[in-house]
Amino acid sequence: MLIFIDEAWDPWFKFERHSSKYFSIWMVIFNDNDEAEACDTKIKIIRKELNLPENYEFHYKKDSDRIKKYFFEMIAPYNFFYYWIIINKELLISENLHIKEPFYKYVCSLVFENAKEKINNATVIIDWTYDKDFEQSFQRYLKKKFNVKSDYRIKKVKMQDSKKNNLLQLADYIASWLHREHGWKRESFMKYIKHREIYVQIWPKQKSTPIS
């Protein structure tokens, strides 16, 4: 099992310096590693079909609508699913969470908690946003929280450069699309992968919304 993590907005609490009100984490899950490899290969093919350079990084914010539409259409058949959580930072009282790395871990733990019944022996891959020490501390944190006795949900945590990882680029596409879909800029690409959505949570004070 492979899990790809992406985020939107910022994890800071300096609202007087224009920190965002919200922070979001998205988890894209492939149950089958062969399916993930097939999707990775398809994304390479999409570059050729769109006459893009081999090292082109798909990035939702900068790509044209033509590229976005084609990308979503082509990856929709692959068997992945995603979870999403959005945090209203202004409603978090505990100052212990007003620090970037503890806050990031905490938000990830919430989305992992929502998905834990589907997670088994997973390798978790996040974009290279933090340093190497964080990679190791995050791995210890997730293993301690979710690995119980013989129930090993988390196998390993790795940081990789999204420029070199097609499936992190897929996570960026889903994260950025949802950011806009639920961030008041509605776009027309939802229909292609909406069926891959499992669970959405807006927290705190707003109830979780299960998605069929």
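The residue from Trp9, Phe138, Trp12 that alone fulfils the ring-ring contact (aromatic ring centres under 6.0 Å, His included) condition with Tyr104 is Phe138.
In this structure, Lys89 is not positioned above the aromatic face of Tyr22 in the sense of NZ or CZ being under 6.0 Å from the six-membered ring centre and within 45° of the axis.
The six-membered or imidazole ring of Tyr152 lies away from that of Phe146, with a centre-to-centre distance of 6.0 Å or more.
Between Lys68 and Glu73, no side-chain nitrogen of the basic residue sits less than 4.0 Å from a carboxylate oxygen of the acidic one, so the salt-bridge criterion is not met. A salt bridge does not link Lys69 to Asp63: none of the charged side-chain nitrogens sits closer than 4.0 Å to a carboxylate oxygen.
The backbone N or O of Ile154 lies less than 3.5 Å from a partner atom in the side chain of Asn147, making a donor-acceptor pair. Formation of a donor-acceptor pair under 3.5 Å by the Gln169 side chain with backbone atoms of Phe58 is found in this model. With hydrogens and angles ignored, the 3.5 Å screen pairs a side-chain donor or acceptor of His98 with a backbone N or O of Leu92. With Lys143 contributing its side chain and Lys155 its backbone, the two residues share a donor-acceptor pair below 3.5 Å. At distances below 3.5 Å, at least one donor-acceptor pair connects side-chain atoms of Asp10 with backbone N or O atoms of Ser20. Side-chain N or O atoms of Arg153 include none that pairs as donor or acceptor with a backbone N or O of Phe112 at under 3.5 Å.
Put simply, NZ on Lys105 and CZ on Arg140 are 7.5 Å apart, with the number rounded to the nearest 0.5 Å. Taking CD1 from Ile198 and CZ from Phe80, the interatomic distance works out to 11.0 Å, rounded to the nearest 0.5 Å. Of the inter-residue distances, the one linking Lys44 atom NZ with Leu52 atom CG reads 15.5 Å to the nearest 0.5 angstrom. From Lys156, atom NZ reaches atom CG of Leu2 across 12.0 Å, with rounding to the nearest 0.5 Å.
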**Prompt:** Hey, mind stepping through Glu49 and Lys42 against side chain to side chain contact (heavy atoms under 4.5 Å, CB included) and telling me if it holds?
**Reply:** CA-CA 10 Å; Glu49 292 171 338; Lys42 182 60 182 178; 3.7 Å; yes
**Request:** Before giving the answer on side chain to side chain contact (heavy atoms under 4.5 Å, CB included), spell out for Glu7 and Phe23 the whole-Å C-alpha distance, their side-chain angles and the decisive distance to 0.1 Å.
**Result:** CA-CA 7 Å; Glu7 63 192 70; Phe23 181 70; 3.8 Å; yes
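For the residue pair Glu35 and Tyr78, no side-chain donor N or O sits within less than 3.5 Å of a side-chain acceptor on the partner.
Relative ring orientation between Tyr60 and Tyr173 is described as perpendicular, the plane-to-plane angle rising above 60° on a 0-90° scale split at 30° and 60°.
The closest side-chain heavy-atom distance from Ile85 to Val107 is below 4.5 Å.
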